[in-house]
Amino acid sequence: MARKETVTKGMIAEAAFQMAREEGIENVTARKLAAKIGCSTQPIFRVYAGMNDLLEEVWQMATERFAQYYAEFESQIETPFVHLGLAYINFAVEERKLFKLLFQSEQRGDRSLYELLNGQTNAVGTEMNKAVALGCQNPSGLFMKMWIFIHGCACMVLTGDYDLTDEETIVLLSDIYKKCV
């Protein structure tokens with residue numbers, strides 16, 4: 001009779017994702033993960049050829065979490081790039097470790113920050129189209145200027161140097177938009 005698998009691929013991936021979310025991706029090791037699951041490292045390496053394969057899956061789960069966060073982020077802001085910026089900054093506040101994994105690490109492989117941010121929802125494209133509809137002649141240039149500022153704000157969240165409220169952030173981003181158009 002075949003032995004029943006008690007540790008599944010889904011359990012391993014979810015536990016690794018939770019570790020990355022709470023402790024940072026650098027703390028996801030086979031031994032720590034096995035201890036969290038309550039098994040030896042053998043089931044992990046039965047399912048994954050190596051830790052890099054597992055970490056790639058965790059990275060993919062993190063990108064899905066960001067996409068979900070962005071899709072569910074509510075605001076009534078019409079100014080282009082302000083909603084996206086506010087969501088991005090708040091993601092840094094609420095998901096510090098995942099933000100670092102996605103937007104401050106070299107583990108993106110050949111994916112650009114733009115591709116990651118744009119995602120399957122075409123978030124950046126949608127914002128550019130809003131800017132064009134409002135008369136912006138250079139939406140790519142506008143995005144670059146706005147993005148440098150937005151990313152800087154989100155990075156300041158991680159260092160504890162950003163303490164603006166959402167309302168203050170909206171005013172700030174709206175002002176930047178107006179000056180860049």
Side-chain angles (χ1 to χ4, degrees), residues 17-28 52 55-181:
F17 175 73
Q18 288 306 322
M19 285 180 71
R21 193 177 194 183
E22 295 164 9
E23 304 171 34
I25 194 71
E26 65 278 1
N27 290 306
V28 179
N52 286 340
L55 296 179
E56 177 63 30
E57 188 164 343
V58 168
W59 192 90
Q60 187 58 44
M61 292 170 78
T63 63
E64 291 166 9
R65 173 66 188 116
F66 175 72
Q68 175 190 17
Y69 184 89
Y70 179 72
E72 294 173 356
F73 189 81
E74 293 187 23
S75 75
Q76 303 302 318
I77 302 162
E78 295 299 322
T79 305
F81 301 109
V82 175
H83 174 83
L84 178 63
L86 193 59
Y88 186 79
I89 293 165
N90 276 286
F91 186 76
V93 170
E94 295 177 29
E95 297 282 5
R96 298 172 72 84
K97 301 294 184 180
L98 293 183
F99 180 88
K100 287 175 82 170
L101 170 62
L102 292 174
F103 302 107
Q104 291 189 316
S105 77
E106 297 175 3
Q107 293 180 310
R108 291 193 309 258
D110 60 353
R111 299 169 208 116
S112 71
L113 189 59
Y114 176 87
E115 291 171 314
L116 178 57
L117 183 63
N118 199 37
Q120 296 176 344
T121 62
N122 192 32
V124 176
T126 300
E127 296 296 323
M128 284 188 184
N129 290 338
K130 283 174 32 179
V132 169
L134 292 172
C136 179
Q137 300 297 311
N138 183 6
S140 295
L142 173 63
F143 167 70
M144 184 56 67
K145 290 173 186 171
M146 292 289 296
W147 191 247
I148 289 169
F149 189 81
I150 290 166
H151 185 67
C153 292
C155 290
M156 288 174 67
V157 165
L158 300 181
T159 61
D161 294 317
Y162 192 83
D163 59 359
L164 298 181
T165 65
D166 281 353
E167 292 76 23
E168 292 169 323
T169 299
I170 291 167
V171 169
L172 190 63
L173 293 176
S174 296
D175 286 347
I176 298 293
Y177 170 80
K178 290 172 192 166
K179 288 179 179 150
C180 291
V181 175

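Quick caveat, the model's predicted, so the values are computed rather than measured.
The two atoms that bring P139 and V132 nearest to each other are CG-CG2, 3.6 Å, heavy atoms only. The shortest non-hydrogen separation linking V28 to A20 is CG2-N, 3.7 Å. The minimum heavy-atom distance linking A92 with A154 is given by the pair CB-O, 3.8 Å. Looking at every heavy atom in both residues, H151 comes nearest to F103 through CE1-O, 3.7 Å. Contact detail for I77 and K130: the closest heavy-atom pair is O-NZ, 3.9 Å. Closest non-hydrogen pair, S174 versus T79, comes out as OG-OG1, 4.0 Å.
None of L117, V82, L173, I176 except one satisfies the side chain to side chain contact (heavy atoms under 4.5 Å, CB included) rule with I150; the exception is L173. If you run ring pair (Phe, Tyr, Trp, His ring centres under 6.0 Å) between Y88 and each of F149, Y70, F99, F81, only F99 comes through.
The distance from the CZ atom of F143 to the CD atom of E127 is 10.0 Å, given to the nearest 0.5 Å. Atom-to-atom distance recorded for L102:CG and F91:CZ is 5.5 Å, nearest 0.5 angstrom. Here the OG1-CD distance, from T121 to Q68, works out to 12.5 Å after rounding to the nearest 0.5 Å. The structure places CZ of R96 at 14.5 Å from CD of E22, a figure rounded to the nearest 0.5 Å. For the atom pair M146 CE and M128 CE, the distance stands at 11.5 Å (nearest 0.5 Å). Rounding to the nearest 0.5 Å places CH2 of W59 at 5.0 Å from CG of L116.
Contact annotation: the side chain of C153 never approaches that of T169 to less than 4.5 Å [non-hydrogen atoms, C-beta and beyond].
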For this session: Before giving the answer on salt bridge (charged side-chain N to carboxylate O under 4.0 Å, His left out), spell out for R21 and E95 the whole-Å C-alpha distance, their side-chain angles and the decisive distance to 0.1 Å.
Result: CA-CA 7 Å; R21 193 177 194 183; E95 297 282 5; 2.4 Å; yes
Exercise. Please walk me through it: do L98 and Y69 pass side chain to side chain contact (heavy atoms under 4.5 Å, CB included)?
Worked result: CA-CA 12 Å; L98 293 183; Y69 184 89; over 6 Å; no
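When atom types are taken as modelled, the side chain of N118 and the backbone of Y114 share no donor-acceptor pair closer than 3.5 angstrom. Although no hydrogens or angles enter the test, the distance criterion places no donor-acceptor pair under 3.5 Å between the side chain of N27 and the main chain of M19.
No more than 12 heavy atoms of other residues, nucleotides or ligands shown are found within 6.0 angstrom of CD on Q120. Under a cut-off of 6.0 angstrom, the local environment of CD in E168 is crowded, with over 12 non-hydrogen atoms contributed by other residues, nucleotides or ligands.
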